[in-house]
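Just follow the structure's listing: the first ligand is 1, and inside any ligand the first atom is 1. For reference, positions follow the sequence shown, starting with 1.
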Amino acid sequence: MENPDDMVYTQARNRLYSCSSSQGLDVSGANSFEKLQRTLSMELATESCTKECDHAQDRTVPNGDSEENFALAANDADSRKEILYNWSGIKCIGRRSQILHPKTDVEVSNLIKRAKSKVHIVGSALSYEKIMTVPLDDAEARLLSLDQFTGLISVTETTVTFGGGTPINDLVSTLSKMDRMLGCSLGVIGIQTIAGAISTGTHGQGLFQSDFASMVQRLKVVLPDGTISTVTPSSELPLGAIITSMGTLAVILEVEVLTEPRRVFHCKKLAIPYEDFLESYDEWNRQFEHVKVWWFPETDLCQVWLVEEASAELSKEFLSSDRTVPVKVSGESDEMNHTVDKYLQAMSDDTKAATTSDQPQFRTVRRFADAADLVGYHEQILCKGIPVPQINCEIAIPLNRFQEATKALHEWAAVQPGRIHYPFIYRATGKSAAWLSPAASGPVVWIGFLVYVAEDGSVRSDGMETMKQLQIILEKFNGLPHWGKHYHPDVFHFGEHIEKFSEFLQLRRRLDPSNKFLSNYLEKIFI
Ligand SMILES: Cc1cc2nc3c(=O)[nH]c(=O)nc-3n(C[C@H](O)[C@H](O)[C@H](O)COP(=O)(O)OP(=O)(O)OC[C@H]3O[C@@H](n4cnc5c(N)ncnc54)[C@H](O)[C@@H]3O)c2cc1C
């Protein structure tokens with residue numbers, strides 16, 4: 001029999017989801033947490049959206065999330081209006097009465113000085129929601145949104161300073177107008193805030209760079225005692241500790257990041273068998289600026305993107321177009337199409353939606369078919385993901401353990417066929433400047449895997465177990481999780497594999513002795 005809390009939660013999400021897909025909502029234009037909330041969540045919680053999902057009994061609510069977190073997700077419109085959801089409108093991160101939108105540095109400082117209980121910070125709420133969820137039963141707990149701290153503040157020849165709450169999409173668009181770009185690779189999407197991206201170690205791909213955090217030259221922050229401070233590579237407060245600290249050390253008000261001239265890139269797309277991927281991945285990464293691989297274990301075929309600066313001729317071809325979209329510079333290849341059909345069928349069997357469904361998880365798999373080489377700007381090629389509600393894990397292992405870790409996943413996939421409906425994603429990055437980054441000691445390969453959250457908000461019944469099994473496998477190769485994605489803290493040995501972990505703990509205790517900034521979830525790791 002279904003747990004009553006789960007039933008309440010499922011009913012609330014059913015309405016949100018059936019509504020979101022029937023209305024064909026696209027979140028790509030929503031560029032702030034409040035806007036995302038409005039687009040994805042609040043507008044959906046209407047009485048008219050009451051369609052139930054007829055296969056909810058085959059699926060489970062993500063791990064233990066029916067507890068406190070969803071107690072408020074009641075089945076009446078008034079209670080739903082009170083709830084502050086994460087970006088996808090499914091997970092509760094607080095009550096609307098707990099969120100504050102300060103407008104000035106001094107306001108942030110005063111709020112923190114006067115806080116009587118927990119203070120957490122939210123950007124676009126794309127991360128695993130527990131890292132910033134405030135206790136719902138604590139009327140004094142506060143969630144700070146930096147959505148009033150947005151936009152360009154200043155420019156130098158090689159840097160720009162933005163408000164911490166600025167969405168990456170806005171930052172990219174502002175830089176484009178200056179014919180400049182960030183000095184690091186972008187992630188798959190751009191709706192996250194710059195402070196959130198830095199704070200979680202968000203990254204793209206490419207061995208010759210690392211992550212957003214490593215681009216930071218200066219931060220303006222408010223510390224847990226309310227002090228407004230500037231952090232640079234030469235300040236007493238270590239920049240490397242603050243950049244990626246999940247809101248546990250400071251509220252980031254302003255971020256100064258390195259920029260470089262904007263360039264045009266050429267993306268070659270290949271369909272490669274698993275064995276060749278295993279053999280050549282390391283070499284590709286040393287040869288090309290950005291390398292991205294999706295390995296589909298069901299057919300052992302990989303789609304490989306090898307991205308480098310475009311030749312003068314190709315660059316000219318793109319620059320003489322209207323430049324709004326990348327230009328195709330090859331014919332379409334159908335080599336991946338059989339694999340794509342197989343995955344669409346499996347997803348359809350699992351979710352009961354037709355393989356032709358326009359739901360975003362179907363669209364995102366379909367994009368691997370009919371692949372063509374492209375020439376365009378970095379963000380047009382590499383930052384065009386479809387943000388699909390999902391339980392998303394990404395584990396980094398040292399790059400030199402790539403082959404053995406991948407073989408272990410291959411063995412797992414052989415005995416557990418059909419467990420994941422999206423390929424494993426491989427992205428290598430270079431050494432990071434952030435103390436807590438899994439790449440703090442040197443190059444890593446990030447291995448991503450996910451289960452989609454269906455229209456009714458559930459995941460397939462073995463989905464969460466699969467996520468855990470894969471984390472356990474990769475931990476054996478000194479794996480460490482992405483701080484902003486789902487992971488089981490008990491699986492990982494942070495102290496063993498992060499050189500400055502104990503230094504970070506000491507600093508955190510010194511800056512925040514009453515654990516004001518530490519969420520209940522992060523206490524498991526940082527206390
Ligand atoms: C569909 C999808 C695609 C993704 N793609 C990628 C990808 O390609 N690469 C990758 O590495 N990650 C990826 N992620 C993870 C995502 O990039 C991070 O979760 C995101 O960067 C967090 O930014 P945010 O603005 O949503 O921050 P939030 O999720 O709101 O917050 C994240 C953390 O940062 C803290 N924080 C936020 N703002 C501040 C501030 N001003 N000061 C101090 N602390 C703050 C919060 O307290 C919290 O601990 C993806 C996630 C999703 C859902």
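- Atom 43 (C) of ligand 1 has its closest protein heavy atom at A250 O, 3.3 Å.
- Considering backbone and side-chain N/O atoms, I189 never comes within less than 3.5 Å of an N/O atom of ligand 1.
- Which parts of ligand 1 touch G484 is read off a 4.0 Å heavy-atom cut-off, strictly below it: atoms 19 (O).
- By the 3.5 Å distance cut-off applied to N or O atoms, N392 is not counted among the residues near ligand 1.
- Closest heavy-atom approach to atom 42 (N) of ligand 1 within the set L450, I252, L146: this belongs to I252.
- At least one N or O atom of V188 sits closer than 3.5 Å to an N or O atom of ligand 1.
- For W446 and T429, the side-chain atoms include at least one donor-acceptor pair closer than 3.5 Å.
- Proximity to I131 (heavy-atom distance under 4.0 Å) selects the following atoms of ligand 1: 33 (C), 48 (C), 49 (O).
- Side chain to side chain, T248 and R508 fail the donor-acceptor criterion of an N or O pair below 3.5 Å.
- If you check the side chains of S229 and T227, you find no donor sitting under 3.5 Å from an acceptor.
- Atoms of ligand 1 found under 4.0 Å from any heavy atom of S124, numbered from 1 in the order shown, are 24 (P), 25 (O), 26 (O), 27 (O), 30 (O).
- Polar contact with ligand 1: absent for M132 (N/O pair, distance under 3.5 Å).
- A 6.0 Å sphere centred on NZ of K524 holds more than 12 heavy atoms belonging to other residues, nucleotides or ligands.
- Residue G187 has no nitrogen or oxygen atom sitting less than 3.5 Å from a nitrogen or oxygen atom of ligand 1, judged on distance alone.
- Shortest contact from atom 33 (C) of ligand 1 to any protein heavy atom: T200 CG2, 3.7 Å.
- Summary of contacts: the protein heavy atom closest to atom 27 (O) of ligand 1 is G196 CA, 3.5 Å.
- Atom 9 (N) of ligand 1 has its closest protein heavy atom at H203 O, 2.9 Å.
- Atoms CG and CG, on L100 and L146 in that order, are 11.5 Å from each other to the nearest 0.5 Å.
- Within the structure, ligand 1 has W87 among the residues with a heavy atom less than 4.0 angstrom away.
- Residue contacts with ligand 1 for S199 involve side-chain atoms from C-beta outward but no N, CA, C or O (heavy atoms, distance under 4.0 Å).
- When ring centroids are compared, Y422 and Y343 stay outside the 6.0 Å threshold.
- Two rings, from F149 and F162, have their centers 6.0 Å or more apart.
- Less than 4.0 angstrom separates some heavy atom of A197 from each of these atoms of ligand 1: 21 (O), 23 (O).
- One distance of note links CZ of F449 with NZ of K485; it measures 10.0 Å at 0.5 Å rounding.
- Counting protein heavy atoms only, atom 26 (O) of ligand 1 is closest to L126 N, 2.9 Å.
- Within ligand 1, the atoms closer than 4.0 Å to a non-hydrogen atom of V122 are 30 (O), numbered from 1 in the order shown.
- Residue nearest to atom 13 (C) of ligand 1, selected from H120, E129, K485, Q205: K485 (by heavy-atom distance).
- The option from K130, R427, E394, K292 that lies nearest to atom 7 (C) of ligand 1, judged by heavy atoms, is R427.
- Of all protein heavy atoms, the one lying nearest to atom 38 (N) of ligand 1 is I121 CG2, 3.8 Å.
- In this structure, A125 is part of the shell of residues with a heavy atom less than 4.0 angstrom from ligand 1.
- Salt bridge status for D225 with K113: absent, with no side-chain N to carboxylate O gap under 4.0 Å.
- Among H486, Q390, Q192, the residue whose heavy atom lies nearest to atom 23 (O) of ligand 1 is Q192.
- Residues F208 and H290 place their aromatic rings such that the two centres sit no closer than 6.0 Å.
- Taking the six-membered ring for Trp and the full ring otherwise, Y426 and W305 have centroids separated by 6.0 Å or more.
- Judged purely by distance below 3.5 Å, without hydrogens or angles, the side chains of T159 and E256 pair a donor atom with an acceptor atom.
- In terms of protein heavy atoms, atom 12 (N) of ligand 1 is closest to H482 NE2, 3.1 Å.
- With hydrogens left out, the protein atom closest to atom 29 (O) of ligand 1 is S127 OG, 2.7 Å, a heavy atom.
- Taking the six-membered ring where the residue is Trp, F402 and Y281 present tilted rings, their angle falling between 30° and 60°.
- Taking the six-membered ring where the residue is Trp, the centroids of F504 and F526 are separated by under 6.0 Å.
- Selection from I168, T193, I243 by nearest heavy atom to atom 25 (O) of ligand 1 gives T193.
- No donor-acceptor contact under 3.5 angstrom links the side chains of H120 and Q98, judged on distance only.
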